Q: 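My structure is below; once you've seen it, I'll send some questions.
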Number of protein chains: 2
Amino acid sequence: MPGRPEQSPTSAVWETSPAAALRVRPGFDLAGLDRRSTPGWTAGKSAGKALLSAHGDRLSELQERLFADGRTGGDRSVLLVLQGMDTAGKGGIVRHVVGLVDPQGVQHHAFGAPTEEERSQHYLWRVRRALPEPGYLGVFDRSHYEDVLIVRVKELVPESEWSQRYDEINAFEEEVAASGTRIVKAALFVSLDEQRERLAKRLERPDKHWKYDPSDIDARLEWPRYQEAYQAVLDRTSTDVAPWHVVPADRKWYARLAISQLLLDTFEDLDLGWPRAEFDVEHEKARLAAS
Amino acid sequence: MPGRPEQSPTSAVWETSPAAALRVRPGFDLAGLDRRSTPGWTAGKSAGKALLSAHGDRLSELQERLFADGRTGGDRSVLLVLQGMDTAGKGGIVRHVVGLVDPQGVQHHAFGAPTEEERSQHYLWRVRRALPEPGYLGVFDRSHYEDVLIVRVKELVPESEWSQRYDEINAFEEEVAASGTRIVKAALFVSLDEQRERLAKRLERPDKHWKYDPSDIDARLEWPRYQEAYQAVLDRTSTDVAPWHVVPADRKWYARLAISQLLLDTFEDLDLGWPRAEFDVEHEKARLAAS
């Protein structure tokens, strides 16, 4: 951070954990969010990057414990739900945070515009099918929240319909949580200016053209309506079992650090040991020696 | 390698590419395979690890090009098929080689004992469902080859049935290849002694118990029959569109290096550029500036 010395990368810690600093509380006002801010973290960028990198080993070990738990009859899983406008950095979270753990233990699902088959079903149908199995870290890149975001902004269904969905989603997530899944919801917010820069880069570089879609500009033109729709999501679907975390995302390193910490805390809180052997270890050693 | 100086990690290269050194040719004899050997590589372990690590960036870029191709109408994909006895190191390949690329572009599937639903279908049914979509790197941890390996050894279906499967599998893979999928088949082989050591480690360490299954010993006792079944696989299903590569796997670093090189060469051979913009770049720049 300009004008202040950075702490040593290896000793830097959160002043306030992101679970507390980013959690949406009643009365939260999205319009007032400084999207270049780094809530809870004052140690600067290089210390932040160092901590993210340092999270890799512990996150890997805890993810493996979860996987082992799932393989031995456990019912627990973790689901990371990522929301954000185009260029908010959801893909970078998957690459740089989820990429820290063993790909065997990850079930990643990107939700695009629904297919014809999906449109013929209840909007939660495709979401249920994509839920992580026991033992897995599930990742939703976009999610059922699109059904109250783009659907609301573009009026893809009548208000009488989408307005019911907030309660439905809460009931759905409560059911998912009760079945053993920890839900970590993170909404990434970039500023209009930062988004312009990121889109400009996609237009400048031929290796980024494929990531650009002319409809991204349409969404920019409807920015206030999207912010309003996000505000409603945060107001109505931040619950005890599945609270929202609002992540200022103009600084990519901060968003990645914050979400890695949210995940790490969630895994730590599961308090998983290694499964106990369901066989007689000494007997098996003897069998192995004789084989 | 004992007794010879190692080359500088950054300059070491293959003497023979693994695509050539490991490819199964007519008359290949599995019994003669030295499972501690490092075919094509004489530069030693630390140089091998350095090259594996150096592969990360290029493999990531090529995987992203494939993904971009898939997002813009391309039909290509890559499928890595991993086979090997327990402890051969398939999981390590996924973690340390597949883990080099963006998890968003990977579709990983581990094939266990078939479920009741799967058993009620043709054995290739579950395999077809798990094939990678266009743009993805698919990974099979075990595969349809189990249907001529464990199924043959344990006589789970009559010989009249499994003996038909080699030709069926070849026809299936030819069809998959024709649809745009590059198939990379790698069979990892550890020695009986090395397997004993790896199983012993799983029994020693409580954090590895969950990976141990008493049936692993049963498979050891049937080692010769499994080797015979693998020999038949290599003899009958190493085809031009989907050749087998036999990977000596007593040295984990070698197996990982070799398979990373096989993948890298496959991606290079796709010769993918970045997709051309399907929009008017200058027009979009103007729209962006005005938004």
Side-chain angles (χ1 to χ4, degrees), chain A residues 60-61 64-65 67-69 71-72 90-91 94-96 98-108 110 139 141 192 195-196 199-200 202-214 216-218 220-221 223 273-285 287-291, chain B residues 60-61 64-65 67-69 71-72 90-91 94-96 98-108 110 139 141 192 195-196 199-200 202-214 216-218 220-221 223 273-285 287-291:
Chain A
S60 276
E61 183 184 331
E64 191 175 351
R65 286 185 192 218
F67 192 75
D69 186 65
R71 291 289 285 268
T72 50
K90 301 182 296 296
V94 178
R95 181 186 285 255
H96 298 284
V98 178
L100 293 172
V101 307
D102 191 339
Q104 287 165 98
V106 174
Q107 294 181 327
H108 171 271
V139 180
D141 179 343
L192 257 177
Q195 194 195 44
R196 181 184 291 108
L199 288 173
R202 292 186 180 176
L203 286 170
E204 281 303 328
R205 291 175 46 175
D207 63 329
K208 301 278 185 194
H209 282 165
W210 69 277
K211 290 188 174 184
Y212 180 86
D213 188 312
D216 296 348
I217 305 282
D218 305 336
R220 272 177 78 74
L221 300 174
W223 192 268
W274 292 105
R276 289 179 58 180
E278 287 166 348
F279 46 83
D280 179 334
V281 175
E282 295 309 317
H283 176 67
E284 292 300 321
K285 283 183 184 172
R287 286 182 72 215
L288 177 62
S291 74
Chain B
S60 276
E61 182 184 331
E64 190 176 351
R65 286 185 192 219
F67 192 75
D69 185 65
R71 293 288 285 266
T72 52
K90 301 182 297 295
V94 178
R95 181 186 285 252
H96 298 284
V98 178
L100 293 170
V101 308
D102 191 339
Q104 288 166 97
V106 174
Q107 294 182 327
H108 171 271
V139 180
D141 180 343
L192 257 176
Q195 195 196 42
R196 181 184 292 110
L199 288 174
R202 291 186 181 176
L203 286 170
E204 280 304 326
R205 292 175 47 175
D207 63 329
K208 301 280 184 193
H209 282 167
W210 68 278
K211 290 188 174 183
Y212 181 86
D213 188 313
D216 297 347
I217 304 282
D218 306 336
R220 272 177 77 74
L221 299 175
W223 193 267
W274 292 104
R276 290 180 59 180
E278 287 166 348
F279 47 84
D280 179 335
V281 175
E282 295 309 317
H283 176 67
E284 292 300 321
K285 284 183 184 172
R287 286 182 71 214
L288 177 62
S291 75

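To find a chain, count down the sequence lines: A is the first, B the second, and so on, and within it residues start at 1. Because the structure is a prediction, the values reported are computed rather than measured.
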Q: Side chains of A:Phe279 and B:His209, heavy atoms from C-beta outward: is any pair under 4.5 Å?
A: yes
Q: With chain B, which of A:Lys208, A:Lys285, A:Gln107, A:Arg276 has the greatest number of heavy-atom pairs at distances under 4.5 Å?
A: A:Lys285
Q: Measuring heavy-atom distances to chain A, does B:Pro206 have an atom under 4.5 Å in its side chain, in its backbone, in both, or in neither?
A: backbone
Q: For B:Ala200, is it the side chain, the backbone, both, or neither that has a heavy atom closer than 4.5 Å to a heavy atom of chain A?
A: both
Q: With a 4.5 Å cut-off on heavy-atom pairs, point out which of A:Arg65, A:Glu278, A:Glu64 contacts chain B the most.
A: A:Glu64
Q: Between B:Glu284 and A:Arg202, does any side-chain N to carboxylate O distance fall below 4.0 Å?
A: no
Q: Between B:Gly99, B:Ser60, B:Gly91, B:Gly273, who has the most heavy-atom pairs with chain A when the cutoff is under 4.5 Å?
A: B:Gly91
Q: Please classify the contact of B:Asp141 with chain A as side chain, backbone, both or neither, using a heavy-atom distance under 4.5 Å.
A: side chain
Q: Provide the closest heavy-atom pair for A:Pro214 versus B:Arg287 in the form atom of the first, atom of the second, distance.
A: O-NH1, 3.2 Å
Q: Give the minimum heavy-atom separation between A:Ser291 and B:Ile217, together with the two atoms involved.
A: CB-CG2, 4.1 Å
Q: Look at A:Gln195, A:Glu204, A:His96 and state which one has the largest set of heavy-atom pairs under 4.5 Å with chain B.
A: A:Glu204
Q: Can you say whether A:Arg196 sits under 4.5 Å from chain B via the side chain, the backbone, both, or neither, judging by heavy atoms?
A: both
Q: Chain A: which of B:Ala289, B:Ala68, B:Pro275 shares the most heavy-atom pairs with it under 4.5 Å?
A: B:Ala68
Q: With a 4.5 angstrom heavy-atom cut-off, which part of B:Val106 approaches chain A: side chain, backbone, both or neither?
A: neither
Q: Of the non-hydrogen atoms in A:Gln104 and B:Arg95, which two are nearest, and what is the gap between them?
A: NE2-N, 4.2 Å
Q: Heavy-atom pairs under 4.5 Å with chain B are the metric here; pick the option from A:Asp69, A:Leu203, A:Val139, A:Leu100 that has the most.
A: A:Leu203
Q: When the ring planes of A:Trp274 and B:Trp210 are compared, do they come out parallel, tilted or perpendicular, using 30° and 60° as the limits?
A: parallel
Q: Does any backbone or side-chain atom of A:Ala110 lie under 4.5 Å from a heavy atom of chain B? Answer side chain, backbone, both or neither.
A: neither
Q: Flag the one option from B:His108, B:His283, B:Lys211, B:Arg71 with the top tally of heavy-atom pairs under 4.5 Å to chain A.
A: B:His108
Q: What part of B:Leu221 gets closer than 4.5 Å to chain A, counting heavy atoms only: side chain, backbone, both or neither?
A: side chain
Q: Of all of A:Asp280, A:Asp102, A:Leu192, which one pairs up most often with chain B through heavy atoms under 4.5 Å apart?
A: A:Asp102
